[in-house]
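Structure record follows, encoded as structure tokens.
Order of the sequence lines sets the chain letters (A, B, ...), proteins ahead of strands, with each chain counted from 1.
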Amino acid sequence: MKILVVDDDYAMRDLLKLMLKDHEVYEAENGREAIEVFRNIKPDIVLMDIMMPEMDGITATQELLKMDSKTVVIGVTAFASHKGREILKAGARDVIEKPFTKKKLIETLTKYVNK
Amino acid sequence: MLTNKSDKKRLIDAFLILSFVLVFLTIRSVSDPRETIPIGRVLTESALLSFALSVYVISRRYSRILITFGFGLLALGIFTHIISEYFFTADESVMISEIMMLTSGFILLYSFMKLYREMRDLNGKLETMVTFLKILNSSLRHDILNSLTVILGYLEFYRENKDEFLLEKIEEKLRYIEKSLQNFKTAESLVGGENSQINLRELVEDVAQDFAGEAKISVRVEDVYVVGNSLLKSAIWNIFQNSIRHGGKSGIKIEVRSEDLGSHVDLIITDNGVGIPKSIREKVFEEGFSFGSTAGSGMGLFIVKKTVEMFDGKVFIDSNEPEGTKFIIRLKKAVVS
């Protein structure tokens, strides 16, 4: 499975890569970069942080869905209550709240893989 | 001519008072159509109203004294009204007490207006502080929760394979939390801190010493006192740290000098790092802005800006030829007592 990890914190991206080592993982530092990478690799799932410089995760989600309305975006945020709601409104399928465990991450991804 | 705001405010106040005088005179002349009000009396009333205006303008800085004075005059007016009939004719007595009460009315009205304005300003300041703290709180929670995710995640992997490298990653994040908490402490004292005078050269030398091992720093700063407090040190500290952290190479050179501008002094901090692209020079001071692979919480330069503004100063970035970044902090000189 191709997964695009979007987060401005490199340590978080490294961690997600480690957690998802059985998959093909691509990275982007912010929303703008995510759009570029998305265009080239067409990932199955996008894991999207919300608070990022240049272009935030909410705007990026809207842009990605404009490019392909079937895109599965999963928001990853420390503020699940309000930021989480915003990204769901923007079209994300689900939200993972930080801090999360590997188990929780895999469980959430599995929900969307076979659909 | 009216270059500063308080002059303009005073002019508006004077216009307001004069229009009150005119309205008063108009009402006086139409309220009793059968009696022609003697010109002498109108002039006396106007003169006394102008007196009230002068009292107000001169002593507007002392609103509490002014209110006391206004109430005193009001009481005296009522008292005069009661007893003056024994000493003056009825007309004179009415006129004297009316003038006294009217004068006190104006004084009180304007004192209250001034107090209202002060309260409104204070309210505005408080709202800014609350917003500032809210933003800060949210950013810090974001930073800490992010770091915790990474720490807990690496810990999970460490339990599986005991890789020492993961411990380094964990330590890095713990240090980051520590730094975030320091920033929070700084910002907390930023709210409601008092301004005093501070020796700029000593301050900069102090900061330079903290970074002596990490960068080559040269300081050529005048012995000048500026408005500020200990927070100014952390603002300058943040700029040094920014140069070192984002400079893109080790052994960065930082030059600090000052330039006298009369009422202000520019503290110019230049480095020979990778520089900041022109397109984001203003954005770097925005809340939550961070840039590039070494980006942090984006709070450092935001706090720098807020701190410097608290001391009526400014901070901006200029191009540094041929390379690097030039930060200019414009500070107000202190009147040394």
- request: Could you walk me through whether Met12(A) and Asn146(B) pass the side-chain contact (heavy atoms from CB on, under 4.5 Å) test, one step at a time?
  value: CA-CA 8 Å; Met12(A) 182 68 79; Asn146(B) 247 354; 3.1 Å; yes

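Residues of residues 61-72 of chain A never come closer than 4.5 Å to chain B when only heavy atoms are counted.
Of all heavy-atom pairs spanning Lys173(B) and Ala11(A), the tightest one is CE-CB, 3.5 Å. Here the closest heavy-atom approach between residue Pro99(A) and residue Leu152(B) is recorded as CB-CD1, 4.0 Å. Among all heavy-atom pairs drawn from Val150(B) and Asp9(A), the shortest one is CG2-OD2, 4.4 Å.
Sorted by first and then second residue, the ring-ring contact (aromatic ring centres under 6.0 Å, His included) pairs with a member in residues 139-171 of chain B form an empty list; sequence neighbours excluded.
Put simply, CD on Glu97(A) and OG1 on Thr149(B) are 9.5 Å apart, with the number rounded to the nearest 0.5 Å. Rounded to the nearest 0.5 Å, atoms NZ (Lys102(A)) and CD (Glu160(B)) are 5.5 Å apart. The NZ atom of Lys169(B) sits 4.0 Å away from the CG atom of Asp14(A) when rounded to the nearest 0.5 Å.
Counting heavy-atom neighbours within 6.0 Å of Gln209(B) CD, excluding the residue itself, gives a total of 12 or less. Atom CZ of Arg141(B) sits in a crowded spot, with more than 12 heavy atoms from other residues, nucleotides or ligands closer than 6.0 Å. For Lys2(A), the NZ atom counts as densely surrounded, since its 6.0 Å shell holds more than 12 non-hydrogen atoms of other residues, nucleotides or ligands. Around NZ of Lys89(A), the count of heavy atoms belonging to other residues, nucleotides or ligands within 6.0 Å does not exceed 12.
With a 4.5 Å cut-off on non-hydrogen atoms, Leu166(B) touches chain A through its side chain but not through its backbone. For a residue to count as touching a neighbouring chain, one of its non-hydrogen atoms must lie under 4.5 Å from one of that chain's; by this rule Phe79(A) touches chain B with the side chain only.
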